[in-house]
Amino acid sequence: ADHVAMVLAHARLRQLREQDQQLQRQMRLAADVQRRMLPRSIPSVEGLEIAARYAPSFQLGGDFYDLDVVSGPLGLTVGDVVGKGVAAAILGAMTQAYIGAALRSHGDVGPALCEVNAHLARKAADDKFVSLWCGILDQATGELRYVDAGHGYAMIRRANGTLEAVSDGDDAPLRAADAPYASHGARLHPGDALLLYSDGVAEQPSPTGEFFGVPRVRSVVAPTAATTPAALVDELVDAVRQFAGPKATDPADDLSVAAIRWRGPEKPA
């Protein structure tokens with residue numbers, strides 16, 4: 001009887017190990033699909049300097065970002081699906097793809113997100129919603145049209161180093177309400193940079209549990225000395241990693257950071 005029990009225990013252990021390996025393979029495949037939805041390269045747009053960096057966490061999450069040329073202007077999106085795991089990753093990928101199509105169809109952020117919101121209301125589970133910042137930047141004029149759907153992490157770094165909040169996430173997250181979205185406006189002047197980042201930056205915990213927070217973001221990017229978008233992005237990501245402590249080999253949440261500087265209108269030859 002003892003021998004039979006041992007054989008059965010080993011067989012059950014082998015079955016559990018095989019199930020775990022299969023689950024890990026599925027998670028890796030889902031993570032690969034999620035990464036493939038991210039921009040494979042930084043778009044080259046005349047009049048703009050663009051830098052972006054994505055650092056995935058050890059968990060499969062719902063963070064996403066996109067930089068895409070939308071019929072001339074540059075489309076910008078940073079978003080986050082509530083929760084973790086495969087379901088959040090799938091919803092994030094679906095939302096990102098649908099936003100790209102809606103922006104091309106409408107050419108304006110407000111109507112595009114109204115369409116995406118209606119789509120998610122039909123497709124997404126009742127307990128899932130997506131917070132995001134989505135905008136279109138006209139590289140010829142520096143005009144920015146955007147919607148902040150419960151995200152809140154966007155700012156403009158003026159050429160002299162001063163910082164201005166673009167918005168505070170007043171609009172409801174997608175799928176959270178059946179509310180219309182209307183785009184808001186801001187303007188970049190020559191040398192100004194738009195900084196976008198995910199909640200994984202502001203809400204990165206230290207070893208003691210303290211969050212990195214928006215004030216620290218501002219302290220990293222606020223110096224008045226001229227700097228490139230690439231330097232802004234690298235300095236912020238490096239500061240977050242240092243804050244997380246030497247034992248944090250992976251961020252607690254996905255980190256997405258993008259900086260776009262407008263050089264100004266092109267002068268005629």
Side-chain angles (χ1 to χ4, degrees), residues 22-43 50 52-71 74-106 109 111-136 146-154 169 171-177 181 196-203 233 237 250-258:
Q22 183 179 12
L23 177 61
Q24 293 299 321
R25 285 194 296 270
Q26 292 174 350
M27 293 288 283
R28 287 194 296 270
L29 288 172
D32 183 62
V33 170
Q34 185 182 31
R35 284 191 294 269
R36 288 176 181 273
M37 290 296 296
L38 299 172
R40 297 193 177 186
S41 61
I42 301 298
I50 306 171
R53 189 168 166 186
Y54 173 74
S57 72
F58 60 91
Q59 302 182 66
L60 187 63
D63 279 19
F64 60 91
Y65 83 95
D66 203 5
L67 305 168
D68 194 13
V69 178
V70 181
S71 301
L74 179 68
L76 316 158
T77 305
V78 175
D80 181 31
V81 179
V82 63
K84 296 287 184 184
V86 175
I90 292 174
L91 181 55
M94 180 178 70
T95 303
Q96 180 181 343
Y98 208 80
I99 287 175
L103 285 177
R104 285 181 172 81
S105 175
H106 293 279
V109 183
L113 290 191
C114 287
E115 181 178 325
V116 175
N117 192 42
H119 176 73
L120 294 181
R122 296 190 301 268
K123 299 294 185 180
D126 291 342
D127 61 342
K128 295 295 183 183
F129 59 89
V130 183
S131 63
L132 60 84
W133 190 99
C134 182
I136 294 178
Y146 68 90
V147 169
D148 190 330
H151 187 72
Y153 299 125
D171 289 314
L174 300 183
R175 187 62 182 84
Y181 293 95
L196 306 172
Y197 57 99
S198 65
D199 61 348
V201 173
E203 299 176 14
V233 169
V237 173
D250 293 292
D253 197 358
D254 298 341
L255 305 179
S256 301
V257 183

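Residues take their numbers from the sequence shown, with the count starting at 1.
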Which heavy atom in [X] sits nearest to a heavy atom in [Y], and how many Å separate them?
X	Y	value
I50	P43	CD1-O, 3.6 Å
A149	Y181	CB-CE2, 4.0 Å
S198	H151	CA-CE1, 4.0 Å
G150	S131	O-CB, 3.5 Å

side-chain contact (heavy atoms from CB on, under 4.5 Å) against L103, all qualifying residues, sequence neighbours excluded: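 If we apply the side-chain contact (heavy atoms from CB on, under 4.5 Å) test to L103, skipping adjacent residues, the hits are V70, I99, V109, A112, C134, I136.
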
Residues that Y98 engages under side-chain contact (heavy atoms from CB on, under 4.5 Å), provided they are two or more places apart: E115, V116, H119

With sequence neighbours excluded, residues passing side-chain hydrogen bond (donor to acceptor under 3.5 Å, both in side chains) with Y153: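 side-chain hydrogen bond (donor to acceptor under 3.5 Å, both in side chains) list for Y153, sorted by chain: E203.
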
Aromatic plane relationship, Y146 with W133 - under 30° parallel, 30 to 60° tilted, over 60° perpendicular: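 Correct class here is parallel.
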
[X] [atom1] to [Y] [atom2] distance, which is reported to the nearest 0.5 Å:
X	Y	atom1	atom2	answer
L132	T77	CG	OG1	7.0 Å
L91	F129	CG	CZ	11.0 Å
L120	K128	CG	NZ	12.5 Å

Less than 4.5 Å apart, side chain to side chain, heavy atoms only: is that true for [X] and [Y]?
X	Y	value
L196	Y65	no
L67	L76	yes
D171	L113	no

